[in-house]
S.K.: 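Sharing a structure, written as structure tokens. Questions coming.
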Amino acid sequence: MWWTWNQECQEIFQELSPRGWQDVYHNAVAVLQDISEYELRTRLRDPFFAKRVRNVLTAFDAYMNQKDTWAARNAPTLVAHSVAYFTAEYGFHETLPIAAGGLGILSGDHARSASDLGLGLVGISLFYREGYFQQSINRDNWQTEFYSPLNPDSLPLEPVLNQAGERLVGEVEINLTRVRFQAWKVNAGRCSIYLLDANRPENEPFFRDLTLRVYGGDSSTRIMQEMLLGIGGVRLLRALHIEPSIFHMNEGHAAFISLELIREKIAQGLTFDEASTRTRRQCIFTTHTPVEAGHDRFGQDLVQYAMQRFQPQVTSSFDQLMALGRVDPNNKQEPFCMTVLALKTTRSANAVSELHGEVSRKMWQCLYPGKSVDEVPIGYITNGIHLMGWMKGPVRSFWRNKLGPNWDKDINSEDFWQRMLDPEFVTDEEIWALRYRLRRSLIEFARRRYLMRRMSLGDTSFFDRLLDPDALTIGFGRRFATYKRATLVFEDYDTIVKLATDPLRPIQFIFSGKAHPADNEGKRIIQKIIHLSHFSELRGRIVFIENYDVHIARQMVSGCDIWLNNPRRPLEASGTSGQKIICNGGLNMSILDGWWREAYDGTNGFAIGEDSQPDSIVEQDRLDNANLCRVLKDEVVPCFYDRDDRGIPRKWLGRIRRSMATMLPKFTTWRMVQEYSKQYYLVE
Ligand SMILES: *Cc1c(COP(=O)(O)O)cnc(C)c1O
């Protein structure tokens with residue numbers, strides 16, 4: 001996966017097969033499979049090409065063998081004994097679409113930065129052979145879902161083998177069955193990620209399909225997937241003789257880790273109490289969900305059904321097991337909650353932003369009777385992104401041209417980005433030219449995708465003009481969960497039409513995102529946006545790009561001038577998409593929720609509303625829409641179109657400089673993984 005964050009390496013694959021690179025959706029493995037050994041040798045006789053390949057290989061070897069890393073200096077125990085990071089989804093790259101949204105992207109970025117820092121990290125997740133669903137919009141502008149099977153042979157995956165060189169097979173007792181699993185390994189730089197896969201010929205069809213789709217099926221599939229992840233994941237590590245120093249549960253999905261760790265100790269003769277005390281010392285937990293209903297809960301019957309063979313190995317009674325997932329152990333009506341299990345069986349827990357920490361402490365105070373809200377032991381570490389993974393090619397070339405081949409050495413330091421404040425070091429003209437290049441590239445991408453869609457529907461009555469490369473471009477790309485309020489901006493329709501159709505200072509919108517297959521309200525929101533884009537005064541000024549994924553995200557976060565984020569506060573635990581635009585020169589415009597509440601300083605982007613929210617949701621939506629329109633009209637548009645006599649928007653560029661200088665050193669997984677190490681991984 002190293003090639004996914006090394007541009008020179010990607011350029012080599014692209015040059016080897018330019019059309020193929022596009023057709024296989026930037027899959028380096030598939031490109032190589034299409035090139036014969038003979039062609040490769042022949043092409044490498046071109047000395048210039050050979051030299052570039054050699055340079056990439058040298059850079060790769062240096063990266064893999066680097067000894068003087070941050071972890072070697074600051075966390076040597078975590079180099080020798082890795083962190084086992086369990087998560088239900090991993091988002092690395094568009095070729096391996098096994099993430100549903102931000103949680104998975106965060107896991108991928110966590111791994112990439114752990115690799116950069118030299119930390120020993122072993123990831124555990126599931127291999128969903130049909131991945132997450134693909135979105136297709138039908139003639140009624142209604143989202144439909146389809147699935148395309150992944151072919152492991154042409155993906156950056158290696159089958160995991162045992163010492164005899166055969167497929168390593170493990171098993172987990174689910175229901176009355178021993179469900180077999182195999183695993184695939186992803187090499188994320190120096191870190192290994194193992195993906196468990198139940199598609200074994202020994203399994204009955206139902207269990208073969210257990211890992212078919214990300215969060216697929218009903219709650220019975222869900223609990224069984226989570227058993228495979230938590231219990232099977234620990235067993236896989238044991239089979240590979242990996243001895244982690246800590247188990248990190250990323251979200252409650254992974255909380256069954258602790259049941260397996262307790263089971264192991266009981267099998268060695270410990271009592272349940274001893275086993276759980278020791279297990280607690282080995283585990284930490286990150287919660288991501290500020291909505292009560294968003295936490296996984298399973299009814300007693302279902303837990304009993306799924307665990308009938310596993311439970312007797314862990315607890316003396318079924319009630320004792322249920323108690324681990326209940327706030328009130330004696331309440332027989334209470335379902336089993338994965339977050340409760342995680343909080344009860346880990347040594348420490350954290351939320352993913354300061355505000356989310358407050359919300360989580362309030363939400364789970366019930367588990368800590370006698371403690372005030374402030375004393376509830378849930379801290380926070382604010383999420384970040386992997387900077388090099390999200391910096392677009394032209395931006396990297398910009399820096400390489402300016403600073404030479406080792407330009408990215410100090411990319412995560414304060415000093416590097418402080419220089420953005422120096423107009424002689426980087427001129428306004430340079431930044432503006434780069435912004436134009438990135439915006440154009442996004443608009444051309446959006447037009448191409450739009451054309452493809454119209455053609456696939458047999459419609460050739462295209463607009464003469466879709467999107468304006470000179471116009472202030474606002475992006476909104478993420479899951480279409482209701483609380484994210486994708487259509488909030490259109491609530492004051494007249495104002496938006498006026499702004500969008502202003503002949504001198506127009507604005508335009510690019511949307512993309514998937515609604516959960518069962519979420520009809522989310523689908524209606526998508527329908528409304530597409531409808532507006534076809535049949536309203538906004539025609540040509542809004543586009544919805546179908547089938548949001550990492551590739552579309554990368555285009556959007558680099559090309560948009562404004563990244564719009566208007567969740568219903570405080571429901572955005574952290575959010576990360578707004579962090580991806582900063583290094584590409586976009587500006588964030590957001591409700592003061594999640595990470596933005598910590599980052600916004602009045603000069604480095606735009607805030608919608610105050611650091612508070614009314615109690616009523618209706619009032620909140622009304623207020624947020626009013627503030628959103630006001631900020632757009634009075635601050636964003638005037639600032640963007642205020643040009644000097646050379647045509648340069650000096651104030652806008654000043655904000656971009658402030659945005660980069662104040663936020664780039666902070667809102668990265670480089671900083672985040674260091675904080676996890678210092679505050680959680682290394683602290684008992
Ligand atoms: C970053 C990212 C997300 C998360 O977006 P938020 O706005 O933080 O929810 C979701 N999907 C993809 C593909 C991403 O790259």
Side-chain angles (χ1 to χ4, degrees), residues 4-5 25-26 87-113 131-135 214-215 250-251 288-291 294 352-353 355-356 382-392 442 474-486 488 510-516 522 545-560 562-584 586 588-591 593-599 605 608 667-669 672:
T4 65
W5 69 97
Y25 215 30
H26 323 125
T87 180
E89 29 172 321
Y90 261 112
F92 284 109
H93 189 255
E94 53 269 28
T95 50
L96 193 57
I98 55 169
L103 184 73
I105 307 292
L106 179 78
S107 306
D109 283 6
H110 191 119
R112 296 198 278 191
S113 283
Y132 194 55
F133 78 87
Q134 314 263 336
Q135 176 190 56
V214 185
Y215 307 133
N250 188 47
E251 190 58 318
H288 292 264
T289 313
V291 198
V352 291
S353 72
L355 183 61
H356 179 228
T382 306
N383 286 343
I385 54 138
H386 183 256
L387 199 49
M388 288 301 274
W390 290 101
M391 190 182 287
K392 199 82 189 336
L442 168 62
I474 300 173
F476 186 105
R478 51 179 64 84
R479 289 182 304 117
F480 270 50
T482 319
Y483 78 87
K484 295 187 186 250
R485 300 188 296 190
L488 185 75
I510 300 182
F511 285 89
S512 190
K514 296 173 177 176
H516 187 276
I545 306 178
E546 209 168 305
N547 206 18
Y548 192 53
D549 66 0
V550 177
H551 179 55
I552 298 177
R554 211 183 297 110
Q555 303 297 321
M556 285 182 67
V557 298
S558 55
C560 288
I562 284 282
W563 192 251
L564 179 62
N565 183 44
N566 45 232
R568 201 172 272 142
R569 200 183 119 121
L571 300 188
E572 193 66 85
S574 166
T576 53
S577 61
Q579 300 169 346
K580 299 167 190 165
I581 64 162
I582 305 171
C583 62
N584 298 305
N588 196 37
M589 171 175 178
S590 169
I591 299 278
D593 200 5
W595 76 280
W596 188 236
R597 181 174 167 270
E598 293 155 45
I608 307 169
F667 294 96
T668 59
T669 37
M672 184 189 85

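Numbering of ligands and ligand atoms starts at 1, following listing order. These values consider heavy atoms only, across backbone and side chains, with no hydrogens, waters or symmetry-generated copies.
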S.K.: Just by modelled atom types, is the His386 backbone N or O under 3.5 Å from a matching donor or acceptor in the Thr669 side chain?
M.R.: yes

S.K.: Quick one: is the NZ or CZ of Lys514 closer than 6.0 Å to the six-membered ring centre of Phe133, and within 45° of its axis?
M.R.: yes

S.K.: Main chain of Gly586, side chain of Asn584: is a donor-acceptor contact present, judged purely on distance under 3.5 Å?
M.R.: no

S.K.: Under a plain distance cut-off of 3.5 Å, with no hydrogens placed, do Gln134 and Asn547 share a side-chain donor-acceptor pair?
M.R.: yes

S.K.: Quick one: does NZ or CZ of Arg478 land under 6.0 Å from the six-membered ring centre of Phe476, within 45 degrees of the ring axis?
M.R.: yes

S.K.: Kindly write out the residues that satisfy salt bridge (Lys or Arg N to Asp or Glu O under 4.0 Å) with Asp109, not counting sequence neighbours, or none if the list is empty.
M.R.: Arg112

S.K.: Tabulation required: pairs of a nitrogen or oxygen in ligand 1 and a protein nitrogen or oxygen under 3.5 Å; columns are atom names and distance to 0.1 Å; otherwise 'none'.
M.R.:
from	atom 1	to	atom 2	distance (Å)
ligand 1	7 (O)	Arg478	NE	2.8
ligand 1	7 (O)	Ser577	OG	2.5
ligand 1	8 (O)	Thr576	N	2.7
ligand 1	8 (O)	Ser577	N	3.1
ligand 1	9 (O)	Lys484	NZ	2.6
ligand 1	15 (O)	Lys580	NZ	2.6

